[in-house]
Amino acid sequence: VTGIQLVRGRAVLTGRPDQPEVNDGAVAISGSRIVAVGPSSELTTQHPDATQLGGDDRIVIPGLVSAHQHGSGASSVQLGCGDQPFERWLIEMLRIPPLDVRSDTAYHAVRLLENGITTTIHSHYVRDPARYDDEVAAILAGYRDVGTRVAFAPHYIDRNFLTYGDDEPFIASLPAELHKLARGLCVPPIGLQAYLDLVVDLTRNLDADRERALFGPVAPQWCAPDALEQIGAVATTAGLGAHLHLLETRAQRAYLDREFKVSIVGRLDEVGLLRPGVSLAHGVQLWEGEIALIAERGATVVLNPGCNLRLGNGTAPVAALMNAGVRLAVGTDDMTLGDDDDLLGEVALVAGLARSAGVWPDAAQLLQLATVAGAEAAGFAAEVGTLEPGRRADIVLLDAGRIVEPALTEAPSMLELTMARARAGDVREVLLNGQLVVAEGAWRGDRAGLVAAVHDAAESQTAEPSHARLVEAVGRIAAARAAWNGAR
Ligand SMILES: [Zn+2]
């Protein structure tokens, strides 16, 4: 790329507190970086030979950040795992075949990109434990195919695979013909030392422009206390962040309270997993005192309101988190309310939850939830999140026509209008590192080829006779798990 590129909009929403919106504005880009943001007339005069993108029919915003997702291209509902109570759902999810990890990840990244999401935290779950290392490589390759910035948190789990507590009594309660399969589901996909080495190694081979590594102990109920302790120690020594699920369901709260007797958040603090660079997904069941401690330590809570509603987990204490000054980001979690990975829709849900408890975030704060806060949690705060000189040119152009029609003169600021009305479907163009990667709402790569690859892998794997047997067995284990939960 040579010369200057100007991205113009009826409004440029910068995400910067000192200059939140520039009406009839433009962003000047040189190569992959932003060099200026200002009035369109000024920048056009300064750069008469610049190539131009956008215009009056666009609103320009920073690339969005989904700070929690799992990279499922084909969604769980599309693969036959319908929404149901969380603990049962988690077992039912085991029916989903591994697919082709690289194409499925790339397809997910494309869907995010087409929704304006240019940076993300990928919370890994293992699809095929026998291929752990290959999978890590395939996931990163999937993101490289698309160009999305990713903070990747490889999966670590070592206990409570089927229940919260010793799995053996539950397995013993199942019909004998299910014992072998159930026990097979209770094997850690990777040992602790191999895991620690893998994450530290990963940091040496990343593309510094677009990739970060985080530790990914999935959640305290799924990691033995000594494993959490070691992960926390190595992460602190290596200067690495971490990304965990935390207190997503009532049953998790009850289990962790039983196990630790003290607050699990205090426990995370003791092991070095409550600090800047650490992000905690969900936090539905957090207590007031825990919220205050998270705020004090500077860790981020990533809200996933659609997922929590879909799986019956209720709502996070959004107002209390905001009042306490906790850093908050938002994730799509492969489970947005409309099963569409619409981050702006999730931000609207967050706003509604806050207001329901008497806290009224303004439009600038809402934009920040979807951009700066996630960039910080993902380790890209110096590169993306706002539109200002020096930042990477990750830029989204929205359809201004749909958002402003019928263009009333009494309209509020474009920032307010955009945060109230914009949704994923309004994304028209996306630039990543200054390159146009989405045009007319669609990824410019081989989209049809990618969809076909995902489809073909799903078709062939689900056609295997062993798949039908797995679906049947997993369905029975999931049903038994629901009854077991009720019995506790
Ligand atoms: Zn999740």
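Read the numbers this way: they start at 1 and go in the same order the structure lists the ligands and their atoms. The figures that follow rest on heavy atoms only: side chains count, while hydrogens, waters and symmetry mates do not.
When distances to the Zn ion (ligand 1) are checked against a cut-off of 2.8 Å, C307 contributes no N, O or S atom below that limit. For the Zn ion (ligand 1), the set of nearby N, O or S atoms under 2.8 Å includes none belonging to H282.
Between the side chains of Q193 and D197, at least one donor N or O lies within less than 3.5 Å of an accepting N or O. With no hydrogens or angles considered, no side-chain donor-acceptor pair links H245 and Q252 at under 3.5 Å. Side-chain contact of T249 with E87: a donor-acceptor pair under 3.5 Å is present, judged by distance alone.
Between the Zn ion (ligand 1) and the N, O or S atoms of D333, the shortest distance is to OD1. Of all the N, O or S atoms in H68, the one closest to the Zn ion (ligand 1) is NE2.
Cation-pi geometry between R481 and Y164 is met: the NZ or CZ atom falls under 6.0 Å from the ring centre, inside 45° of the normal.
Here the angle centred on the Zn ion (ligand 1), running from NE2 of H245 over to NE2 of H70, is 100°, rounded to 10°.
The side-chain heavy atoms of E248 and F86, taken from C-beta on, include a pair separated by under 4.5 Å.
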